[in-house]
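Have a look at the structure below before the remarks.
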Amino acid sequence: MDTEERPTNFIIEAVAEDLKIGRFNYVRTRLPPEPNGYLHIGHVKAFLIDYYTAEAFGGELYLRFDDTNPAKEETEFVEAIEDDARWLGIRWVKVTFASDYFDRLYEWAIRLVKKGLAYVDDQTAEEMSASRGTLPRGTKWSETESALKPGIESPYRNRSVEENLDLLERMKNGEFPEGSRVLRAKIDMAHPNLVMRDPVMYRIMRVPHHRTGDKWCIYPMYDWSHGQNDSMEGITHSLCSNEYIIHRPLYEWFLEQLGEFKTRQIEFSRLNLTYAMMSKRKVRKLVEAGVVRGWDDPRLTTLRGLRRRGVTPEAIKDFIALVGETKNDSWVGMGQFEACIRDDLNKHSPRRMAVLKPLKLVIDNYPPPPKYYRLYPGNEVRLRYAYLITCTSIVRDPGTGAVTEVHCTYDPATRGGDAPDGRKVKSTIHWVSAEHAIKAEVRLYEQLFTVENPDVGDDLDSIINPNSLEVLTNCFVEPSLVEAKPGDKFQFERTGYFCVDLDSAPGKLVFNRTVTLRDTWAKIEQKQG
RNA sequence: UGGGGCGUGGUGCAAUGGCAGCACAUCAGCCUUUGGAGCUGAGUAUCUUGGUUCGAAUCCAGGCGCCCCAGCCA
């Protein structure tokens, strides 16, 4: 990756300005994944922005797992995320965890309590929600008749510092049941930004943590952890998606009150890709329901799925570069991604010949429509790298009418494919020798979903494309592919880009179609109806 | 509209007060031992109204549209 080739963007410009005015004299960013699932294409944009921004200034990148909710997180995902990110080509200087800072964070919380800026609230979750000054959950903003109402201050809001300190200590020691109390920042229950209406800092959870075990009974919320960890690590720029814009005032309020190092948060728009499911929850449902074969199913846009499908890190990075970095809400078409995949594969894939559907190839378009140049009775074509042949007749199955044989004559003078008399043929077709070719299984993929945005709605069954996978077991590939190993990539001439699947084994070749070639013929066909 | 964010060809991104450009997609042509790849050309855009200015996508004011927020999720 050549840094100079990447265009500048508003984040790079903002960071450059910070350096220029002396707000910081170095650059350090962080990747902030929550280890609760596998990485997908949507995460890649954020990862690459963090990586490139640091790289552009000779800065450092930390990989920090945001493990503040033990109910959802597992070590398995930590390893998978590191593996996927490394595969992409991202490099970091150290790996840290939000849980590394639980002790220090607790000290900071005590500081706020002592300053009278945080208190223990005994209200139930329902009471807190009701007193926030808004309509019940589930109500649409459009159904809101009047302006947002101020919240109601908790009856526990003015407890003494001593009592708060005592209660917090006992929360930490596990003296209270789960959900019975929280620590809240004392800010402003009438604030127009709901995030500032006394946000929760700690909640009681009797759940073992994948790294700290049973040590803690209270766990910090995102707002009371992320910015503090950024500050503790000397992160200069905390880059995140637009949904955190409204959290920035709180992010800054905490660091201001604490008097600690002030990281700057900058937001950008997340990636929306058509036909891609970004919701981890929903992808999990597909996996569990057996709609796909696993988290690495080649039809998924998880990094593992893309990798298995044969998509390269370079193609993914090219795509992200092309998408750019802005705050605009936008949708990028899957076709754009596929163009990047083809572009990279075209440059790097060795060409091979493979016949996927030996007979159908010929019969589909007979009698020939206009502009059809391939093999049909009376027409001469070139067998790629071999001879010019002329079709003389076809043999059909008397019962079905399907073509079972195509008879041709070859011109012995055209060895290699050139005619001594200089005559041209309009078409060259690929072939394999029936005597030498080896058999293979080929898996063809189409979009998994029938709708552009599979993340909306909950009726998954209605949006699944029933034809997203077609398995061909009667394919023949040229003998040189006998040595091909899982992950190897090829272009099957005139057909598409393919890679050897994980299921492949000696004597049992399995290929995935990564993406088809651009197909001008398909367009002509479409237009002709 | 309680607060916040965003509006440039079909899609995504540039232009940072000075000829609206790039990529993908589309269309036309050239070339081709992949109907692939490559090459050439074309069409299509500044949400709107007003203001400032010699000059506005850019600055200002109003309007319109879309998105985000009322978890003890991140």
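Every chain is numbered from 1 and lettered A, B, ... according to where its sequence line falls, protein lines coming before strand lines.
Of all nucleotides listed (B/U34, B/A37, B/G35), B/G35 comes nearest to the side chain of A/W521. Set against B/G35, B/A14, B/C72, the side chain of A/T520 has B/G35 as its closest nucleotide. Comparing B/C72, B/C69, B/A74 against the side chain of A/L194 picks out B/C69 as the nearest. Residue A/L322 has its side chain nearest to B/A23 when only B/A15, B/A23, B/G36 are considered. Among the nucleotides B/G35, B/U26, B/C68, the one closest to any side-chain atom of A/K523 is B/U26. For A/K72, whose side chain is taken as the heavy atoms from C-beta onward, the closest listed nucleotide among B/G35, B/A74, B/C73 is B/C73. Of all nucleotides listed (B/C72, B/C13, B/A74), B/A74 comes nearest to the side chain of A/Y244. Closest to the side chain of A/P192, from the set B/U34, B/G2, B/G35, is B/G2.
Of all the residues in residues 218-231 of chain A, A/P220, A/M221, A/Y222 reach under 4.0 Å from RNA chain B with at least one non-hydrogen atom. If you check residues 263-271 of chain A against RNA chain B, you find no residue with a heavy atom closer than 4.0 Å. For the contact set between residues 338-345 of chain A and RNA chain B, defined by any heavy atom under 4.0 Å, the members are A/A339.
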The test is ring pair (Phe, Tyr, Trp, His ring centres under 6.0 Å); show your working for A/F511 and A/F492 and say whether it passes.
CA-CA 11 Å; A/F511 290 91; A/F492 288 170; 5.1 Å; yes
Audit row: A/V95, A/E82, side-chain contact (heavy atoms from CB on, under 4.5 Å) steps and yes/no:
CA-CA 9 Å; A/V95 177; A/E82 282 194 55; 4.1 Å; yes
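At whole-Å resolution of the value, CZ in A/F498 and C1' in B/U34 are 13 Å apart.
Between B/G63 and B/G4, the two P atoms lie 14 Å apart (nearest whole Å). Comparing the P positions of B/C27 and B/A37 gives a spacing of 14 Å, expressed to the nearest Å. B/A57 and B/U52: their P atoms are spaced 16 Å apart (whole Å). Taking the C1' atoms as reference points, B/G43 lies 16 Å from B/C24, given to the whole Å. Only the P atoms considered, B/C22 is 15 Å distant from B/A45, to the nearest whole Å. Look at the C1' atom in both B/U8 and B/C69: the space between them is 28 Å, to the nearest Å. Rounded to whole Å, the C1' atom of B/G21 lies 12 Å from the corresponding atom of B/G9. Spacing between B/A20 and B/U44 at atom P, rounded to whole Å, works out to 14 Å.
Under the ring-ring contact (aromatic ring centres under 6.0 Å, His included) criterion, A/F490 pairs with no residue at all, not counting sequence neighbours.
In summary, A/D50 and A/R64 do not engage in a salt bridge, as defined by a charged side-chain N under 4.0 Å from a carboxylate O. Salt bridge absent: A/K347 and A/E314 never bring a charged side-chain N and a carboxylate O closer than 4.0 Å. A salt bridge is defined here as a Lys NZ or Arg NE, NH1 or NH2 lying under 4.0 Å from an Asp or Glu carboxylate O, and A/R159 with A/D122 meets this definition. Between A/E233 and A/R30 there is no salt bridge, since no side-chain nitrogen of the basic residue lies less than 4.0 Å from a carboxylate oxygen of the acidic one.
Of the two residues near RNA chain B, A/G417 and A/S180, the one whose nearest nucleotide lies more 5' is A/G417.
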What is the per-nucleotide protein-contact pattern of nucleotides 4-10 of chain B, from the 5' end, where B denotes a base atom under 4.0 Å from a protein heavy atom, S denotes such proximity for sugar-phosphate atoms only, and - denotes neither?
SBSS---
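Cation-pi check for A/K172 over A/Y106 is met; the charged atom lies under 6.0 angstrom from the ring centroid and within 45 degrees of its normal.
Within the model, atoms CZ of A/R157 and CD of A/Q123 stand 11.0 Å from one another, a figure rounded to the nearest 0.5 Å.
Between A/V311 and A/F319, every side-chain heavy-atom pair lies at or beyond the 4.5 Å cut-off.
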Which nucleotides of RNA chain B pair, in dot-bracket form (Watson-Crick or G-U under 3.5 Å, | meaning another strand):
.((((((..((((....[..)))).(((((.......)))))....(((((..]....))))))))))).....
